[in-house]
Amino acid sequence: MWPRRFYCHTRIPLNRKTVQQSGTFAQTGANVTTRRLAGLFLFLLIASSALCQANSGKTKKKETPPLSVKILEAKSVYLDCDCRKEMAVSVPSALPELLDWGRYQLVPDRHNADLILLYSMNPYLGDYLTRDGPDKRPALVDYTILTVIDGHTGQYLWTDYKRWGYMLVSRASRDLMHEFRLAVAGEVKSWTLDDILRCTSSPAYTAYANLTAQEALAKPEFAVAREADASNQLTFDPPDAPDFCKRAQLVVSQDNKIIGFEVLPAADTLDVGELIQQADQFDFAGGKDATNKPYFTAERKDKKLLIEYNMQGRMPILTRVRYLY
């Protein structure tokens, strides 16, 4: 038998060493397992991200819907929503962007609006003016949809959406209004004062000076025609004219002489700042037209050029440029 003294001296240290070694091995194995699991998780995360990017690349990008000319010509809007559940925040969230834009006059009555800007969670069915009461479809706020509607006919004109769920309706509403603003801005042609002045001395127009309306109509090379809905208006579109005045109406005096022409832009813009920089060459005036809409004009001091703006909200829109010989 082992001496008791030797046994008592060696038993506990040996057992402690064994226990310490076992604990070390177990901790080392756990660390290795944890590192392996972390590496596997990171690999799966990278692989899934790459797969999502590949799939998104194959997915067809959402196309921007084209704009109707009614949107460009409109002057007033009414802001509305299917305000059930979380959609109740859509109108107050979008309103600051609309007011900052300033292109359209915001009216309190939809019957007086050229456009209806409708926020909803369900696609528009074309029944805004005809449906009986509010939308009765299920109120599941997954999409935030902005639809632009003709205020006189109820016709759908433009739409876009965000599928951001019910928690981001406020942000989606602001972003959709901003995207609509950008879409309109992208369709509006911006001219410079130089573009307008090029038409004053263009040979394409000087040939009409002091002709009678009948003489202009009789010459086929002039390509003058009467407007179908207004026989007293003569239009022409010479191909060699500057871009701004590719199409114009002849101005005929009371004694049946052509004394000039005028261009009627379709919701185009000319920076008012350019006119102000040359304010010494123009006389400015303003007022309200027959429909009580504000306007202002800049007439060159030689009386041979008149530039007219109408106000849409806080934005001046170029509506008429008259040239006199």
Side-chain angles (χ1 to χ4, degrees), residues 59-188 229 266-267 291-293 312-313 315 317:
T59 303
K60 185 177 180 181
K61 187 177 180 181
K62 184 175 67 174
E63 295 182 357
T64 303
L67 283 183
S68 166
V69 68
K70 293 181 179 179
I71 293 176
L72 300 177
E73 295 177 348
K75 294 180 173 59
S76 57
V77 297
Y78 178 74
L79 195 55
D80 198 2
C81 72
D82 177 0
C83 295
R84 293 176 291 171
K85 293 189 174 181
E86 293 81 9
M87 288 302 298
V89 303
S90 59
V91 167
S93 298
L95 185 59
E97 178 73 20
L98 179 62
L99 295 177
D100 178 71
W101 183 8
R103 178 180 177 89
Y104 301 108
Q105 179 187 1
L106 184 65
V107 296
D109 186 350
R110 68 178 180 87
H111 297 94
N112 298 327
D114 296 322
L115 300 176
I116 308 294
L117 307 184
L118 176 65
Y119 282 99
S120 64
M121 65 196 83
N122 294 309
Y124 180 56
L125 298 177
D127 58 349
Y128 184 83
L129 300 181
T130 58
R131 71 186 180 200
D132 184 17
D135 194 343
K136 296 180 175 60
R137 284 175 289 177
L140 177 62
V141 185
D142 186 16
Y143 291 86
T144 301
I145 305 171
L146 173 60
T147 305
V148 180
I149 303 167
D150 187 332
H152 307 293
T153 66
Q155 175 190 6
Y156 145 83
L157 299 177
W158 184 91
T159 190
D160 204 353
Y161 66 88
K162 301 289 185 186
R163 192 177 186 181
W164 289 355
Y166 68 91
M167 296 183 66
L168 295 176
V169 171
S170 179
R171 179 182 171 186
S173 301
R174 291 195 303 270
D175 284 8
L176 286 169
M177 183 62 71
H178 184 68
E179 290 176 11
F180 176 54
R181 178 177 179 175
L182 293 179
V184 173
E187 295 291 330
V188 174
D229 54 349
T291 61
N292 205 34
K293 299 291 179 60
Q312 290 190 6
M315 292 188 62
I317 303 298

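Position 1 is the first residue of the sequence; numbering continues from there. No experiment lies behind these values; they were computed from the predicted model shown.
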Legend entry - Check: V77 and L106 side chains under 4.5 Å, non-hydrogen atoms: yes
Inset, instruction - Determine whether Y119 and D80 make a side-chain contact, defined as any pair of heavy atoms from C-beta on separated by less than 4.5 Å. - result: no
Legend entry - Exercise: identify the closest heavy-atom pair between L129 and G154: CD1-N, 3.2 Å
Inset, instruction - State the NE2-OH distance between H111 and Y78, to the nearest 0.5 angstrom. - result: 9.5 Å
Inset, instruction - Using side-chain contact (heavy atoms from CB on, under 4.5 Å) as the criterion, list what pairs up with V89, not counting sequence neighbours. - result: S93, V169, S170
Legend entry - Rounded distance [0.5 Å steps], CD in Q105 versus CG in L115: 12.5 Å
Inset, instruction - Compare every heavy atom of A88 with every heavy atom of P92, then report the nearest pair and how far apart it is. - result: CD-O, 3.6 Å
Legend entry - Approximate separation, where rounding is to 0.5 Å, of I317 CD1 and R103 CZ: 4.5 Å
Legend entry - Any residue meeting side-chain contact (heavy atoms from CB on, under 4.5 Å) with N292, in chain and number order, not counting sequence neighbours: K288
Legend entry - NZ/NE/NH1/NH2 to OD/OE distance under 4.0 Å, D82 and R137: no
Inset, instruction - Kindly indicate, with the supporting measurements, whether the criterion side chain to side chain contact (heavy atoms under 4.5 Å, CB included) is fulfilled by Y128 and L118. - result: CA-CA 9 Å; Y128 184 83; L118 176 65; 4.2 Å; yes
Inset, instruction - Flag the pair I71 / Y104 as yes when at least one side-chain heavy-atom distance between them is below 4.5 Å, and no otherwise. - result: yes
Legend entry - Inter-residue atom distance R174.CZ - E97.CD, 0.5 Å rounding: 9.5 Å
Legend entry - From K85 atom NZ to L140 atom CG, the distance as rounded to the nearest 0.5 Å: 7.0 Å
Inset, instruction - Answer yes or no: is there a side-chain heavy-atom contact under 4.5 Å between M121 and D135? - result: no
Inset, instruction - Mark yes or no for whether D114, through its side chain, and G151, through its backbone, hold a donor-acceptor pair below 3.5 Å. - result: no
Inset, instruction - Could you tell me whether a side-chain N or O of S76 sits under 3.5 Å from a main-chain N or O of V107, the two making a donor and an acceptor? - result: no
Inset, instruction - For side chain to side chain contact (heavy atoms under 4.5 Å, CB included), just list the numbers for D175 and F180, CA-CA rounded to whole Å, side-chain angles, deciding distance to a tenth of an Å, and then say yes or no. - result: CA-CA 9 Å; D175 284 8; F180 176 54; over 6 Å; no
Donor-acceptor pairs are to be reported for all side-chain atoms of residues 143-150 against protein atoms at under 3.5 Å, with residues two or more places apart or in another chain.
unit_1: Y143; atom_1: OH; unit_2: R163; atom_2: NH1; d: 3.3
unit_1: T147; atom_1: OG1; unit_2: T159; atom_2: OG1; d: 3.3
unit_1: D150; atom_1: OD1; unit_2: H152; atom_2: N; d: 2.9
unit_1: D150; atom_1: OD2; unit_2: K70; atom_2: NZ; d: 2.9
unit_1: D150; atom_1: OD2; unit_2: T153; atom_2: OG1; d: 3.3

Inset, instruction - State the CZ-CG distance between R110 and L79, to the nearest 0.5 angstrom. - result: 14.0 Å
Legend entry - Side chain proximity check, W164 to D142, heavy atoms < 4.5 angstrom: no
Legend entry - Polar side-chain atom of R84 near backbone of V141 as donor-acceptor pair, under 3.5 Å: no
Legend entry - Non-hydrogen atoms of K162 and A172 that approach each other most closely: CB-CB, 3.8 Å
